[in-house]
Amino acid sequence: MINKKEEKADSMEITSFSPEQTRLIGECMARHVYSGLTILLYGDLGAGKTVLVKGLGDGLGARGVRSPSFTLINEYEGRLPLAHVDLYRLERGDEYELGLCEYADDGFVLVIEWPDRLAEQPTKDLWKLYFCRDSETVRRISFKAEGEKAVKTMELLLKDIGEIGQ
Ligand SMILES: Nc1ncnc2c1ncn2[C@@H]1O[C@H](COP(=O)(O)OP(=O)(O)O)[C@@H](O)[C@H]1O
Ligand SMILES: [Mg+2]
């Protein structure tokens, strides 16, 4: 059972009680993402960001998603192309070398861990997820969206997530 708590109209909090549930949330996201969407994942080490991206990869048919902590960026082929970025090792501002906005222009779904390292958001159409570790197995994830299409698709996503486990 996934707990869903409405906070404000533009933000929703979901509680996950296991890695499997977080992975399912990611898989559910795959049904609502679109080319050019950027997903920013905020939260400490071990919060579950990569677990969620593995689920997203499963849902997109992109096999073997692994943390790009050392490579910075991994690309996958699936129903939509997926670029998974981890900026943990970067200093703020270094992303200009990475050309992240080009992924969105090229039709990728772009997912970024540690987006706090970015000086600027790569696109205007964004989903933002904030992970909070409550205990060994409990994670609270807040969902926000910016940009018309991102907001609309997130509304559908959140309805869909609410139905997981019911
Ligand atoms: N509810 C949960 N959701 C996601 N991960 C969880 C959960 N409960 C425990 N975990 C564990 O927390 C760790 C999360 O790791 P990871 O996804 O790599 O974190 P991050 O990418 O945020 O640094 C994994 O070892 C996972 O098994
Ligand atoms: Mg990670």
Side-chain angles (χ1 to χ4, degrees), residues 1-7 11-33 37-78 80-95 97-100 103-104 108-119 121-123 126-145 154 157-166:
M1 180 70 192
I2 287 178
N3 283 357
K4 205 171 93 168
K5 185 178 88 182
E6 197 142 6
E7 290 189 316
S11 163
M12 178 80 80
E13 188 177 273
I14 306 283
T15 305
S16 159
F17 296 93
S18 68
E20 292 73 27
Q21 269 192 344
T22 300
R23 200 163 170 145
L24 270 181
I25 292 169
E27 212 174 311
C28 193
M29 285 167 62
R31 298 203 282 271
H32 299 279
V33 296
L37 174 69
T38 302
I39 306 172
L40 305 181
L41 305 180
Y42 295 89
D44 291 339
L45 276 180
K49 302 181 292 298
T50 299
V51 168
L52 182 113
V53 182
K54 286 180 189 211
L56 174 64
D58 289 344
L60 288 175
R63 292 183 177 275
V65 168
R66 289 175 49 215
S67 178
S69 326
F70 294 96
T71 49
L72 288 182
I73 304 178
N74 288 340
E75 296 175 21
Y76 302 93
E77 283 177 25
L80 296 172
L82 172 69
H84 180 198
V85 180
D86 185 332
L87 301 178
Y88 182 65
R89 279 157 204 285
L90 278 200
E91 298 292 332
R92 208 178 140 85
D94 278 359
E95 96 283 0
E97 312 296 323
L98 299 173
L100 291 182
Y103 279 101
F108 278 76
V109 174
L110 173 63
V111 185
I112 306 176
E113 298 189 35
W114 296 95
D116 351 34
R117 307 287 198 254
L118 295 173
Q121 297 182 344
T123 58
L126 295 164
W127 287 355
K128 295 183 176 181
L129 276 59
Y130 298 84
F131 288 70
C132 187
R133 185 186 185 281
D134 273 4
S135 75
E136 197 62 33
T137 54
V138 179
R139 305 289 188 269
R140 272 180 296 124
I141 311 173
S142 277
F143 287 73
K144 293 183 184 175
M154 178 166 280
L157 165 69
L158 291 171
K159 271 190 201 143
D160 216 2
I161 290 178
E163 282 160 20
I164 296 178
Q166 283 181 3

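In each ligand, atom 1 is the first atom listed, and ligand 1 is the first ligand listed. Remember, predicted model here, so these are calculated numbers, not experimental data.
For the residue pair L82 and F108, the shortest heavy atom distance occurs at C-CD2, 3.6 Å. Taking each heavy atom of Y76 and A62 in turn, the nearest pair found is CB-CB, 3.5 Å. In this structure, K49 and L41 approach most closely via the heavy-atom pair CD-O, 3.5 Å.
The local environment of OH in Y88 is sparse, with at most 12 non-hydrogen atoms from other residues, nucleotides or ligands closer than 6.0 Å. D134 CG: more than 12 foreign heavy atoms inside a 6.0 Å radius.
Which parts of ligand 1 touch S18 is read off a 4.0 Å heavy-atom cut-off, strictly below it: atoms 1 (N), 2 (C), 3 (N), 7 (C). Within the listing of ligand 1, atoms 22 (O) sit less than 4.0 angstrom from a heavy atom of D44. Near E136, with a cut-off below 4.0 Å to any heavy atom, the atoms of ligand 1 are 8 (N), 9 (C). Atoms of ligand 1 lying under 4.0 Å from any heavy atom of K49, numbered from 1 in the order shown and given with element: 17 (O), 19 (O), 20 (P), 21 (O), 22 (O), 23 (O).
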Residues Y42, L129; criterion side-chain contact (heavy atoms from CB on, under 4.5 Å); working and verdict: CA-CA 6 Å; Y42 295 89; L129 276 59; over 6 Å; no
From CA spacing to verdict: side chain to side chain donor-acceptor pair (under 3.5 Å), T50, E113: CA-CA 8 Å; T50 299; E113 298 189 35; 2.7 Å; yes
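Scanning all protein heavy atoms for the shortest distance to atom 14 (C) of ligand 1 gives G46 O, 3.4 Å. With respect to atom 27 (O) of ligand 1, the closest heavy atom belonging to the protein is P19 CG, 3.5 Å. Among protein heavy atoms, the minimum distance from atom 1 (N) of ligand 1 is reached at T137 O, 2.9 Å. The protein heavy atom nearest to atom 17 (O) of ligand 1 is V51 N, 3.0 Å. The protein heavy-atom contact nearest to atom 18 (O) of ligand 1 is T50 CB, 3.7 Å. Closest protein heavy atom to atom 11 (C) of ligand 1: R139 NH2, 3.6 Å. Here the heavy atom of the protein found nearest to atom 4 (C) of ligand 1 is T22 OG1, 3.3 Å. Ranking protein heavy atoms by distance to atom 19 (O) of ligand 1, first place goes to G48 N, 3.2 Å.
For the side-chain contact (heavy atoms from CB on, under 4.5 Å) test with V85, the passing option among V111, L40, L118, L110 is L110; the others fail.
The distance criterion of under 3.5 Å between nitrogen or oxygen atoms is met by A47 with respect to ligand 1.
Checking atom 8 (N) of ligand 1 against the protein gives a heavy-atom contact under 4.0 Å.
Contacts between V138 and ligand 1 below 4.0 angstrom, taking non-hydrogen atoms only, are absent altogether. When heavy-atom distances to ligand 1 are checked against a 4.0 Å cut-off, E113 comes that close only through its side chain, counted from C-beta outward.
Rounding to 10 degrees gives 90° for the angle at the Mg ion (ligand 2) between OG1 of T50 and OE1 of E113.
M154 contributes atom CE, which lies 8.0 Å from atom CD1 of I39 (distance to the nearest 0.5 angstrom).
With respect to the salt-bridge test (charged N to carboxylate O, under 4.0 angstrom), the residues R133 and D44 do not qualify.
Between the side chains of Y130 and E13, no donor-acceptor pair is found at a separation under 3.5 Å.
Under a 4.0 angstrom heavy-atom cut-off, S16 registers as being in contact with ligand 1.
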